[in-house]
Amino acid sequence: MGLMTGKKGIIFGVANDKSIAWGIAQQLREAGAELAFTYLNEALEKRVRPLAESLDAKIILPCDVQNEEEMVAVFSELEKQWGKIDFVVHAIAFANREDLKHPFSQTSREGFRIALDISAYSLVSMTRCALPVLKPGGSIVTLTYLGSVRAVPQYNVMGVAKAALESSVRYLAAELGESGIRVNAVSAGPIKTLAASGIASFKEKLRVAEERAPLKRLVTQDDVGKATLYLLSDLATGVTGEIHYVDGGFNFAAG
Ligand code: NAP
């Protein structure tokens, strides 16, 4: 019996086998969870479907988080096929590349809106759509980064979006505690992924993290996957509204 045997849930945010969501999916499956996946559009389905099927997923659905109808459709399909579910993983973020290249004060109004909508508001709308389908005792985990609480060079509008995301985690956790639903975030150290490639000087972030983190190494998708597994499992039944750092200790040790 695995830690997640008998539990079912959905993962938003696998783009390829470098995605943090993919590391999470592998840990959850290994622990016995049954998984559903989403992909952004048809072009990306080609990459996501084979990965999802390799973890025995049968439910693989389109979902652009900016499209409320698609989100509603995802959860009604889950209910149709599975009944109630146990967990949701939100591993989604986006900001226009130009807005990450320019100084923060040059962020466009539209760029600010898009980054906040896709990277933060989507957790709120996803939770709303998931609620009728989530079991009491259900768990939601999102992914964040230290740039929410520090002015990390070049992280700019994404830092503001992550601050909104982390605050949303606390408000959702406060609201849903009574229903027995937990909401937490994992704040990961830098990992080379598609989304990370949009951040200027990302290589420098990797170098600094490796040098200054007490563990003296970069964290991996597996490290993040294991922490997420804990938060989604019954090992964490008393944990909600938490920002759980998985960055080798960088957040407290860096000057
Ligand atoms: P990733 O593999 O590029 O994943 C980002 C995902 O967001 C992709 O699957 C992307 O889909 C999806 N996405 C973007 N816009 C979307 C939309 N409108 N609707 C639905 N999905 C959308 O990069 P990642 O690094 O694993 O990112 C996952 C999460 O971890 C993000 O929240 C990120 O901020 C967070 N995080 C990353 C790091 C890091 O260093 N990598 C550190 C801390 C936290 P497509 O690629 O198909 O467009």
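We count ligands from 1, going down the list as the structure has it; atoms in each ligand are counted the same way. Along the sequence shown, residues carry numbers from 1. Atom set for the values below is all heavy atoms of this structure, side chains included, hydrogens, waters and symmetry mates excluded.
Checking only distances, Gln66 never comes within under 3.5 Å of ligand 1, N or O to N or O. In terms of N/O distances under 3.5 Å, ligand 1 is approached by Ile20. For a threshold of 3.5 Å applied to N or O pairs, the pair formed by Ile118 and ligand 1 contains no separation below that value. The shortest N or O to N or O distance between Ala195 and ligand 1 is below 3.5 Å. Considering backbone and side-chain atoms alike, Tyr145 places every N or O at 3.5 Å or more from each N or O of ligand 1.
Between the side chains of Ser122 and His90, at least one donor-acceptor pair of N or O atoms lies under 3.5 Å. Arg47 and Ser19 form no side-chain donor-acceptor contact under 3.5 Å, judged by distance and modelled atom types alone. When only modelled atom types and interatomic distance are considered, Thr237 and Asp234 share no side-chain donor-acceptor pair under 3.5 Å.
Ion pair Asp86/Lys135 flagged as a salt bridge, since at least one NZ, NE, NH1 or NH2 atom sits closer than 4.0 Å to an Asp/Glu carboxylate oxygen.
Closer than 4.0 Å to atom 10 (C) of ligand 1 lies none of the heavy atoms of the protein.
Ligand 1 is approached by Gly189 to a heavy-atom distance shorter than 4.0 Å. In this structure, Phe202 counts as a contact residue of ligand 1, since one of its heavy atoms falls inside 4.0 Å of the ligand.
Counting heavy atoms closer than 4.0 Å to ligand 1, residue Cys63 contributes backbone atoms (N, CA, C, O) but none from C-beta onward.
Partners of Asp56 according to the side-chain contact (heavy atoms from CB on, under 4.5 Å) rule, which considers only residues two or more places apart in sequence or in another chain, are Arg29.
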